[in-house]
Every structure is written in structure tokens, then in C-alpha cells.
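The figures here come from the full heavy-atom set of this structure, side chains too, leaving out hydrogens, waters and symmetry mates. By convention in this document, chain letters (A, B, ...) are assigned in the order of the sequence lines, proteins followed by strands, and residues within each chain are numbered from 1. It should be emphasised that the depicted structure is a prediction, and the values quoted were computed from it without experimental measurement.
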Amino acid sequence: MPAQLSFHNVTLGYDRHPAVHHLDGEVAPGALLAVVGPNGAGKSTLFRGIVGIVKPLTGAISLGGLDVRDIAYLPQIADIDRSFPISVFDFVGTGLWRHTGMFGGLGRRERDAILQALAAVGLTGFEKRTIGTLSGGQMQRILFARVLLQDASVIVLDEPFNAIDAKTSADLVGLVQRWHTEQRTVLAALHDMDLVQAHFPETLLLARSVVAWGETAQVLTPDNLGRARRMCEAFDDTAEACAGDAPRPQAA
Amino acid sequence: MDTLYQALIAPFTEFEFMRRALAGVLALALGGAPIGVFLMLRRMSLAGDAMAHAILPGAAVGFLLSGLNLFAMTFGGLIAGFAVAILSGVVSRATELKEDASLAAFYLVSLALGVTIVSMKGSNIDLLHVLFGNILAMDDQTLLVIAFNATLTLLVLAVIFRPLVIECVDPVFLRSVSRSGGPAHLIFLALVVINLVNGFHALGTLLAVGLMILPAGIARFWSRDITGMILIAVASAMVSGYAGLVLSFQSKVPSGPAIILMAALIYLFSVLFGSAGGILRRLFPGRHLEA
């Protein structure tokens, strides 16, 4: 089966400094992959690379024929202006963008879909509230509702369970599992190892470069986790150009 | 009753220039207020002000080249405004510099350039017209230009409304589903420039932004919903325009400042008594609810 996502010697970074170094590997269609690693390991950068917000410094990411806009991406919550006067209904409705585009109206089918998505995340009755009145957990729930509406075959979740209570996180993990049974490819950056072990069959342990990638039980060994923790976080301003690039053939 | 009629309605039935002024200010309100709401929601209120300064040199150059010619001044203002808006938008998107910093850089350059050109050619008192406008001297051409620009603004705003709203709330999401964010933002900046140029005929470059920002501020205190905000902003801009014209007619206050002062009065009232977060509401919120 051809891979859904494949990374060919990908280096992602900012201002020539790599945040993710020489990543090679493939994600199969329908995979449920946890991306773990300490803060600054490059998890968010990797996700931004997948959805095209950060361009690879070298190497290439191929999306298995998908357009980058067909990937549902749930960024960390900080990027959203929650003081903007928009209702929960309208906000979640933006998930239908691929369907409605700039001008398409919301007919009865679309309205029903939005209400169903809100029901699926347990927020029935919140339609008219503005997003500024929601708690952190409720906000995360409506972001999941929007991902539901995006109906994407690849879903990328950047630390979706941070600062969320056990009930909410259990509900949202339920949604992730539902996506998995629907054969969607799901990638999630996570810090909760128990949760990873319980629900994610495959894990990528990242610390600026791949420490281990494979079956979760084999990846999350004390040895691997120790190596990830010792990762050097700081950029070296005097670093030489990476020698690793020169002899390697560029992947197409 | 008769005195009320004399005070509030007679100026417009008796004098054509007052009717023209009213038509002009209503058109300005229709186009400018919705733009102001978006400026406020994008935290660009002061960017609007900076843009107004950027227009001044362009209009001045147009004036110096061909006198008090409507089209030369409009054209000059549009070019200066667009140049500053687009350059700063491009710089902030392509680099780490934030929009406000890059805008400040470009409008200061534009202002310095304008003053240099003016001083080379020798200054002129008629430039006061550019600075403070004269809504009481609207000719047919000016009125048509204002009405055209207001219509254009509403149509274009309707076209880019959805991406513009999403770009305000969640720009990263918009980037992940569509390429329309960047163009929508640039088109919006263009609309800001068009409405500022529109405003300078009536209110002058320095106050043009007032009829955009003050109504937006007023609207924020009465509605929590963007559609409601736009409607309230337009309505309060129209009321300020009408009340300002009456005030200016009955007293010696110049028309431009009179209109802005009226908007300021409504603004003050809204800050105090607004139903959506006004000060009085905050101090005396009433007893808390059951759930």
C-alpha cells in the first residue's frame, strides 16, 4: 500500500537552523501515530511542515497525492483570537470551507451537519455563544467539532489534550478513535505517555531528529526516552553548514 | 414644534449645499463604518490613522501638480495609500516584522517624502482644504466619487467577507484550507485607503479616519455579534453625520470637527451606558443568575 505521508530526508527549521533534522520515514494510510518528545523537540514544526506553513530547508514531504489543503490541522490554541465576536455555530461552520468555499451558503444539510458535530463533542446548546465565553476545554471541543466537519482523510492534531480535564480528554480521545476506525490517518503530538500507550498503536519519538519510530511499546522504552531528554535545545549560532546534506542524493 | 423644525429639518430643505453635505456624509458612513469595524476587530485602529497620514503627501503632490483638482488629488492619495498599504502588508507577510512596525516605517517615509516635495514647490494655504476638508462645498463630481466608492466598498466587502472574518479569528486555520487569506487582507487594506481618500474630501485627511473608528468603537458597546456591530456602526456614523451638520449649521463650529465631535458624544455615552460591556453595566451588573 502506498504511504499516505512520506518524508524524504526532511530538514525543517527557522532561519537556516534546523528544528527537525534529516527525517526519513513513512506514515501508512489509516495510521494512528503519536508524535512525542520534549518541548522544543520539533513536533509543532514537523506538523507545520506537513500542512505547508513551514517549507522544508531541504528534502521533501509527499502527501500521497493529497492537496495540502485537504489535511485537517488543529494548531495549538494560542493562535486563535478569542475576543473576536463570532458565534460557536459560525466558528465551527468554517470547517465546511472545502465544501462551501468563499460564497457557498449554509443550507439545511450544512446546518444539520454543524449541529451534529457540536453534539458529537458534547456542546449541544452552545450554538449562539460567542467563542470568547468558552472555557479552555470547551474551546478545544469546538476545535474538534470543526475538524469533524472538515471530513479530511489526514488529520494533524498539535497537542490537542493540553490543559484539559480527564473527562474532556477522554471524550476527545473517543473522537480520535472514531477517526481511526473510519480509516483516516491521524497524527497527534502528545505529552501524556499513558494516553499514548493506551490508544496509539504507533509512535514517533522526536528530539530534533528521530530517536525511535515504530510500534509504541518498542519506542517508549526508558532508554529511548532518556536519549530524547538529553537532546540539545539551543541553536548554535556558529554552527557550520550541515555536512549531512552534501553527499546525500536529493529525494524527488 | 416649529422651532424644532427650524433647527433640525429646515437647514436641509432650504439650502442645497446642506442637502449635498448630508448625502455625502451618509454615503461616507455607509462605506467607512463597516471598514472601521474590521479595523477595530483586527486591532488596526491606529493603522488606519497611520494610513491617513500616508495619504496626505500623495494628495498634496496631486494638488501641487494640478491645483484643487478632485481627480488629481484623489489619484495621488490612492497611489500613496496603496503603495504604503501594499508594501507594509508584503513586508509583514514576508518577514518577521509585525504589520504595525512595517506600516509605521512606510507611512513615515511617505510623510517625509510628501513634506519634502511640498517644501520644494512652496507651500500653499489651500492645502488646508486637504487637511481639514470641506463637506459644505460638495460639487456633483465629488458626490459621485464618494457614492461610487461607498458602493464599491460594500460590494467588495461582501465578496471577501468570509475569508476576512476567518483571517481575523483564526489565520492559521484559513491558511490551512485556502489561499484567500493574503489577497483578502490586501484587498481590505485597499478598501481602507479608498475610504480614507473618500473621507478627505469631506473631513480632511486628519479626521477622515474618525468616521470609521468612532462608530466601530460605539458598536462594540452595543453588540457582541459582527453583523450587529456593522449595522450599529453604520447607523451611528449616519446619526453623527446628520447631527454634526446641524450643529455646524447652527453654530460656528466647522463641519468636519462637528461631525467627529458628535460621534465622540455618542461614543462617550456608549462607553458609559452600552449594553455590551459598558462601564455602568460592569459596575452594577444586577444580581447573578441561577445558571
Side-chain angles (χ1 to χ4, degrees), chain A residues 14-15 44 47-48 50-54 67-106 125 128-133 139 142-143 146-147 149-152 154-156 158, chain B residues 34 37-44 93-97 99 155-184 187-188 216-217 219-233 274-277 289 291:
Chain A
Y14 305 94
D15 199 16
S44 295
F47 286 178
R48 286 184 196 145
I50 292 172
V51 298
I53 294 175
V54 173
D67 187 88
V68 70
R69 278 151 231 289
D70 294 330
I71 298 175
Y73 169 53
L74 192 153
Q76 291 189 34
I77 215 160
D79 295 323
I80 294 168
D81 176 6
R82 290 174 63 183
S83 67
F84 194 90
I86 185 170
S87 68
V88 167
F89 186 88
D90 288 342
F91 184 86
V92 171
T94 61
L96 292 169
W97 179 282
R98 218 157 47 109
H99 183 66
T100 61
M102 265 172 76
F103 308 114
L106 298 177
K128 293 213 169 82
R129 295 263 295 266
T130 54
I131 59 171
T133 64
M139 189 69 208
I142 72 165
L143 288 175
R146 186 171 71 180
V147 173
L149 284 179
Q150 283 185 264
D151 191 25
V154 176
I155 297 169
V156 177
D158 195 353
Chain B
V37 169
F38 275 101
L39 278 175
M40 174 189 67
L41 291 175
R42 312 195 69 159
R43 303 197 173 86
M44 285 173 61
R93 265 161 197 271
T95 70
E96 294 281 302
L97 206 61
E99 180 110 35
L155 289 178
V156 173
L157 203 58
V159 170
I160 63 167
F161 190 79
R162 188 175 284 171
L164 194 60
V165 166
I166 305 180
E167 164 90 4
C168 294
V169 191
D170 194 350
V172 177
F173 172 75
L174 186 62
R175 272 170 82 176
S176 76
V177 292
S178 155
R179 283 173 221 280
S180 59
I187 291 170
F188 172 70
R220 183 99 223 201
F221 285 104
W222 297 101
S223 175
R224 295 187 197 279
D225 157 85
I226 183 153
T227 319
M229 276 188 199
I230 289 176
L231 292 177
I232 291 171
S275 62
L289 306 173

Go through the atoms of A:Thr94 and report whether side chain, backbone, both or neither lie under 4.5 Å from a heavy atom of chain B. both
Contact check, side chains of A:Ile53 and B:Val172, non-hydrogen atoms, under 4.5 Å: yes
Calculate, to the nearest 0.5 Å, the distance between atoms CZ and CD1 belonging to B:Arg224 and A:Ile86 respectively. 16.0 Å
Checking A:Ile131 against chain B: side chain, backbone, both or neither under 4.5 Å from a heavy atom? side chain
How many angstroms lie between atom CG of A:Asp81 and atom SG of B:Cys168, to the nearest 0.5 angstrom? 8.0 Å
Is B:Asp170 close to A:Phe84 at the side-chain level, that is, under 4.5 Å between some pair of heavy atoms? no
Between CD1 on residue A:Ile50 and OG on residue B:Ser176, distance to nearest 0.5 Å: 13.0 Å
Could you tell me whether the side chain of A:Ile80 reaches within less than 4.5 Å of the side chain of B:Val169, counting heavy atoms only? yes
With a distance cut-off below 6.0 Å to the six-membered ring centre and an angular limit of 45° from the axis, does A:Arg146 pair with B:Phe173 as a cation-pi contact? yes
Toward chain A, the part of B:Ile166 with a non-hydrogen atom under 4.5 Å: side chain
If you define the side chain from C-beta out and look only at heavy atoms, does anything of A:Ser87 sit under 4.5 Å from B:Asp225? no
So, do A:Trp97 and B:Ser180 sit near enough that their side-chain heavy atoms are less than 4.5 Å apart? yes
Name the region of B:Arg43, side chain, backbone, both or neither, that has any atom closer than 4.5 Å to a heavy atom of chain A. side chain
State, to 0.1 Å, how close A:Phe103 and B:Val159 come at their nearest heavy-atom pair, and which atoms those are. CE2-O, 3.2 Å
In terms of heavy-atom pairs under 4.5 Å, which option from B:Arg162, B:Met229, B:Arg175 contacts chain A the most? B:Arg162
Okay, B:Ser178 and chain A: the region with an atom under 4.5 Å from a heavy atom over there is both
Top contributor to chain B interface from A:Asp67, A:Thr100, A:Thr130, A:Val68 [non-hydrogen pairs under 4.5 Å]: A:Thr100
